[in-house]
Amino acid sequence: MYSDLKYLEVPLPEDIQKIKWYGDFNTVKKIIDRRLQADIPSALKKRLELEKEIISRIPEQYPYTWEQAEEILHKNIRDFKDEELETFWQNNMAEWIYINGKVHFHSLFLENLFKTRPYLAERDLHPENENERTANFRLLDQAVNDIKTAGKLQYYFRIRSSIKISEQAQRIGEKVQVHIPVPVEYAQVKNFKLLSTSLSPFYIASSDYPQRTICFETVLQKNQTFSAEYEFETHMVYQNPDPSKVFDAQPTFYTEELAPHIHFTPYLKMLAEEITGRETNALIKARRIYDYITTHILYSFVRSYSTIEDITSYAAAGLKGDCGIQALLFITLCRIAGIPARWQAGLYATPLHAGSHDWAQFYIAPYGWLFADCSFGGAAKRNGAEERWNYYFGNLDPFRIPLAADFQHDFAVPGGHMRNDPYDNQNGEVSYSDKNLTTEEFISETKALQIKKI
């Protein structure tokens, strides 16, 4: 099924679209089942099979009714008025869908409001949340200063990653396949060493495999935990490329389309042209794309990528998206503009926090591969941190663990079913013989056991 993702470009029949976005997902499933029994084109059949998987994943990500959302907002925002939710909804500030014709909000809608609207963060009844964000910004500013002063920065990491299947999803005695991601040994990663695993791995992907994992295959025991502990170093060198030194001729690798998300639609072509104008210098064009995304595409937690049929158009038209969506839009617009660009993603791990994150790389001769983190850059811009905003065009902080060097790449040991995240891999994957588990069915945890400057 993994190779069938290209069929997301096949349009859904209009009757199914209408019922889907009304939120009657049970009826959609029944209609698709009947349609699959008919004599229909094979491409449409593949698309409908994918849609069954997609709609099974959407509702669980939107647990809050309108009334429940109001209650949450009253408990967390000082002097909240009910009519404010109407404003959030009408202005697309709070991620939502219809479920059976009624508005339901995303599980992270509150976190997103605080993350992207400083005036709401000031009304947070739990100021410790803002303290964490402020501490993170201070950490980043210090790292930016250190690397610009010294010209380079190196950190040592010791990480433990683990996966445990939720109790309701455990099939004791059945064969299970578990993938735990580990760093790809390239770019900023050096001296990786696997220290221990909870059981003997079935397969460990090669050091440069684009979505590298340790694969376990075993008969599941009750409450079994799968884990891996490893160490490595990041070596970041400060880049300050000069447009006047950029070559006129640039390479053409990593400039192709990749269905269904890295594609050159008429709208995206028009957008790229509007952003870059008649500029011919590759570095300046890339900077204009970065500036556009960091000032026009507002960060937003959204539903899982596996449920979005066209990620780049979603961002370019809706003017919102999370870190990976912004990175993918940057990559696509760069490729349209003739600039090589590729995916890098994994974890952002500091002494304060460890969590999933995505960013991009772009290639400029004679400088080679440079970094672009549009979501971190956008946050810096929103908070008036101009130096940090400029830094994330061309550079990264040293707190990155690249677990994926390519977008939409299969595992070295495929599971045979559509992955929980078929495009990226930060939290790992779990599968039985008949299905892959979704986010709600397993617990993935990453702990930074040690982080130190070297």
Side-chain angles (χ1 to χ4, degrees), residues 72-80 84 88 93-95 106-150 153 155 157 159 234 236 238 290-291 293-302 320-324 326-327 346-359 371-401 426 445-453:
I72 290 169
L73 292 167
H74 277 292
K75 290 180 178 178
N76 288 277
I77 297 180
R78 184 180 300 107
D79 300 323
F80 174 76
E84 290 184 86
F88 299 160
M93 295 166 59
E95 173 68 14
H106 191 273
S107 59
L108 297 175
F109 86 97
L110 175 66
E111 290 86 341
N112 195 70
L113 289 170
F114 286 149
K115 184 181 181 70
T116 58
R117 272 79 179 183
Y119 70 92
L120 289 176
E122 291 176 357
R123 296 166 58 192
D124 190 348
L125 289 171
H126 305 282
E128 63 273 13
N129 297 329
E130 187 60 26
N131 293 339
E132 291 176 8
R133 283 189 283 269
T134 301
N136 183 61
F137 289 153
R138 284 200 299 265
L139 179 72
L140 291 176
D141 287 336
Q142 184 62 54
V144 169
N145 179 72
D146 290 347
I147 194 170
K148 291 176 73 173
T149 300
L153 202 56
Y155 267 77
F157 293 80
I159 303 292
T234 58
M236 300 300 303
Y238 178 58
Y290 173 84
D291 287 355
I293 293 174
T294 55
T295 58
H296 289 75
I297 309 298
L298 189 61
Y299 190 95
S300 178
F301 294 119
V302 299
K320 69 174 186 178
D322 66 8
C323 56
Q326 293 186 24
L347 302 173
Y348 170 67
T350 74
L352 302 171
H353 172 74
S356 300
H357 191 51
D358 306 323
W359 56 95
F371 294 101
D373 191 325
C374 293
S375 64
F376 271 42
K381 186 67 173 176
R382 286 194 304 273
N383 288 275
E386 292 286 318
E387 182 179 9
R388 192 171 357 117
W389 175 54
N390 288 319
Y391 177 82
Y392 280 109
F393 177 75
N395 296 278
L396 278 185
D397 56 76
F399 305 113
R400 307 302 174 103
I401 305 175
Q426 293 130 325
E445 184 177 38
T446 298
K447 288 187 177 181
L449 303 178
Q450 187 177 9
I451 301 176
K452 64 179 181 179
K453 190 187 299 186

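We count residues from 1, following the sequence as given.
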Rounded to the nearest 0.5 Å, what separation is found between the CZ atom of R382 and the CG atom of L298? 5.5 Å

Heavy-atom side-chain contact between F371 and N395 under 4.5 Å: no

Test salt bridge (Lys or Arg N to Asp or Glu O under 4.0 Å) applied to D141 and R388, step by step: CA-CA 7 Å; D141 287 336; R388 192 171 357 117; 2.7 Å; yes

Are any of the side-chain heavy atoms of E445 and K447 separated by less than 4.5 Å? yes

Atom CZ of R400 and atom OG1 of T234: how far apart are they, to the nearest 0.5 Å? 10.5 Å

Walk me through whether L139 and Q142 qualify under side-chain contact (heavy atoms from CB on, under 4.5 Å). CA-CA 5 Å; L139 179 72; Q142 184 62 54; 5.8 Å; no

Can you confirm whether more than 12 heavy atoms, excluding those of K75, are under 6.0 Å from its NZ atom? no

Over all heavy atoms of both residues, which pair between P398 and M236 is shortest? Give the atoms and the distance, please. CA-CG, 3.7 Å

Is the distance from the ring center of F376 to that of Y348 below 6.0 Å? yes

Determine whether the side chains of N112 and H106 contain a donor N or O and an acceptor N or O closer than 3.5 Å. no

Is a side-chain donor or acceptor of T350 paired with a backbone partner of L352 at a separation under 3.5 angstrom? yes

Least distance between heavy atoms, G324 atom then D358 atom: CA-OD2, 3.1 Å

Nearest 0.5 Å, please: how far is CG in N390 from CG in D291? 8.0 Å

Within this structure, what is the CD1-OG distance for the pair I297 and S375, rounded to the nearest 0.5 Å? 12.5 Å

Carboxylate-amine/guanidinium proximity below 4.0 Å for D124 and R78: no

Which residues pass the side chain to side chain contact (heavy atoms under 4.5 Å, CB included) test with S107, sequence neighbours left out? P63

Value rounded to 0.5 Å, distance of OG1 in T446 from CD1 in I401: 7.5 Å

Looking at every non-hydrogen atom in both residues, tell me the closest pair between H74 and F80 and how far apart they are. CE1-O, 3.3 Å

Closest approach of Y290 and D373, non-hydrogen atoms and distance? CE1-O, 3.9 Å

Can you find a pair of side-chain heavy atoms, one from I77 and one from L125, that are under 4.5 Å apart? no

Heavy atoms, side chains only, cut-off 4.5 Å: are L140 and Y392 in contact? yes

Is it the case that the side chains of N136 and T134 hold a donor-acceptor pair, with the cut-off being a distance below 3.5 Å and no angle test? no

Taking all non-hydrogen atoms of both residues, which atom of F399 and which atom of A143 are closest, and how far apart? CE1-CB, 4.0 Å

Taking C-beta and beyond as the side chain, do L73 and F109 meet within less than 4.5 Å on heavy atoms? yes

Quick one, L153 and K453 - any side-chain contact, counting heavy atoms below 4.5 Å? yes

Quick one: pull up CZ in R138 and CZ in R133 and give me the separation to the nearest 0.5 Å. 13.0 Å

Can you name the closest pair of heavy atoms from I147 and Y238 and give their distance? O-CB, 3.7 Å

Any side-chain heavy-atom pair from E132 and H353 closer than 4.5 angstrom? no

Is there side-chain contact between W359 and Q326, with at least one heavy-atom pair below 4.5 Å? no

Name the orientation class of the two ring planes belonging to Y299 and F301 (parallel below 30°, tilted from 30 to 60°, perpendicular beyond 60°). perpendicular

Evaluate the side-chain contact (heavy atoms from CB on, under 4.5 Å) criterion for residues H126 and N76: first the C-alpha distance (whole Å), next the side-chain angles of each, then the deciding distance (0.1 Å), finally the verdict. CA-CA 7 Å; H126 305 282; N76 288 277; 3.1 Å; yes

Run through E95, M93, E84 and flag the one making a side chain to side chain contact (heavy atoms under 4.5 Å, CB included) with L113. M93

